[in-house]
Amino acid sequence: MLQLILSGLAMGIIGSFHCVGMCGPLALSLPINSNSFQSKFLGALLYNSGRIVTYSCFGLVFGLVGKSLVLFGLQQWLSIILGVVIFLFVLLPKLAPRSFKQINIGSGFFEKLRSSIGNLFFKKNQSSLFAIGLLNGLLPCGLVYIAIAAAVSSGNVVSSTMFMAAFGLGTLPVMWSIAFFGNYIGIGIRQKIRSAYPYMMMLVASLLILRGMGLGIPYVSPAVNMEKQTVHSCCHKP
């Protein structure tokens, strides 16, 4: 469990610099009272707490999915499929940009979500900041999808929830600093971080595929007999 939490924290800390480019503008425009140190401190914390709660709920929901697949001995196949999906997510926009732009899955939902966030900006109170964070966690984000993929592959509800909570906590220092101190990372650095982001996604995808292949590599690709795993999960009697 400690190793899992540390992995989630590391992913959040490293990935939080990607968040600067993607969610930074929203964090900079939060309706926080800048005249009061206490209000500004608490407001930035509430906004980010909302994001972490949403990520933790993702971990809970997708942990149940992962657990169900483990019961049928499909955990390794799940890891491989998730890795392939991440590869496609990275490569398709480059190989077929026009076709990819035409894919608008969930566009109506996300438009309503952005509209709801916009309405919360006019309320200008502490509870609205927490709600903005909750809804912001639902917006499409490749980094969150990677974290969910890693959480699902754990095949355990508690582990999945803890991983996503740790991931959210890992993003907290940078994202809180943006909301509290303002835009302190230059555009040039943001662009370099964003250009490196696809490579990070492909690395995670490769690790997920290796894990699913069960090559007998400690920690990276532990050997698991999928046939035995299926029999044990479905037919074992105490």
Side-chain angles (χ1 to χ4, degrees), residues 1-2 4-64 109-110 112-152 154 156-185 190 193 197:
M1 182 65 71
L2 179 59
L4 190 75
I5 292 173
L6 291 176
S7 298
L9 283 171
M11 180 178 288
I13 292 170
I14 296 171
S16 61
F17 293 100
H18 164 75
C19 300
V20 173
M22 300 301 293
C23 300
L26 188 148
L28 288 169
S29 59
L30 288 172
I32 296 176
N33 182 8
S34 58
N35 296 323
S36 169
F37 175 87
Q38 183 178 357
S39 297
K40 196 173 182 180
F41 182 94
L42 182 60
L45 187 61
L46 283 171
Y47 161 71
N48 286 287
S49 296
R51 290 190 309 106
I52 295 171
V53 169
T54 298
Y55 297 156
S56 300
C57 290
F58 279 151
L60 175 63
V61 172
F62 286 97
L64 290 170
F109 169 76
F110 291 126
K112 292 180 180 178
L113 191 60
R114 292 187 180 94
S115 177
S116 298
I117 292 175
N119 292 333
L120 287 170
F121 269 73
F122 292 103
K123 295 187 176 181
K124 297 182 179 181
N125 54 46
Q126 302 289 26
S127 59
S128 67
L129 290 170
F130 181 76
I132 290 171
L134 285 173
L135 296 180
N136 183 43
L138 297 173
L139 291 175
C141 175
L143 178 65
V144 175
Y145 298 156
I146 291 177
I148 289 173
V152 172
S154 70
N156 182 282
V157 177
V158 176
S159 298
S160 178
T161 305
M162 293 296 293
F163 180 88
M164 290 303 296
F167 165 76
L169 286 172
T171 67
L172 179 61
V174 169
M175 294 306 295
W176 179 88
S177 298
I178 291 174
F180 187 83
F181 294 110
N183 191 358
Y184 69 101
I185 297 181
R190 291 189 205 178
I193 293 170
Y197 177 62

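Predicted model, so just to flag it, every value in this text is computed and none were measured.
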From [X] atom [atom1] to [Y] atom [atom2], the distance as rounded to the nearest 0.5 Å:
X    : Y    : atom1 : atom2 : value
L113 : I117 : CG    : CD1   : 4.5 Å
L169 : M162 : CG    : CE    : 9.0 Å
S127 : L120 : OG    : CG    : 8.5 Å
M11  : L6   : CE    : CG    : 13.0 Å
S56  : F167 : OG    : CZ    : 11.0 Å

**Request:** Can you tell me which residue pairs pass the side-chain hydrogen bond (donor to acceptor under 3.5 Å, both in side chains) test with a partner in residues 160-175, sequence neighbours excluded?
**Result:**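 side-chain hydrogen bond (donor to acceptor under 3.5 Å, both in side chains) check on residues 160-175 returns R51-T171.
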Shortest non-hydrogen contact from [X] to [Y]?
X    : Y    : result
W176 : N48  : CA-ND2, 3.5 Å
G168 : Y55  : CA-CD1, 3.8 Å
G43  : I32  : C-CD1, 4.0 Å
G59  : M164 : CA-CG, 3.5 Å
F121 : L30  : CE2-CA, 3.7 Å
I132 : P31  : CD1-CD, 4.2 Å

**Asked** Does the side chain to side chain contact (heavy atoms under 4.5 Å, CB included) test come out yes or no for L129 and L42, once each step is laid out?
**Response** CA-CA 10 Å; L129 290 170; L42 182 60; over 6 Å; no
**Request:** Mind running side chain to side chain contact (heavy atoms under 4.5 Å, CB included) on I5 and F163 for me, showing each step along the way?
**Result:** CA-CA 5 Å; I5 292 173; F163 180 88; over 6 Å; no
**Message:** Can a donor-acceptor pair be found, under 3.5 Å and without considering hydrogens, that links the side chain of T54 to the backbone of L134?
**Reply:**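 Flag set: sc T54 to bb L134 pair under 3.5 Å.
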**Audit row: Y47, F130, side chain to side chain contact (heavy atoms under 4.5 Å, CB included) steps and yes/no** = CA-CA 5 Å; Y47 161 71; F130 181 76; over 6 Å; no
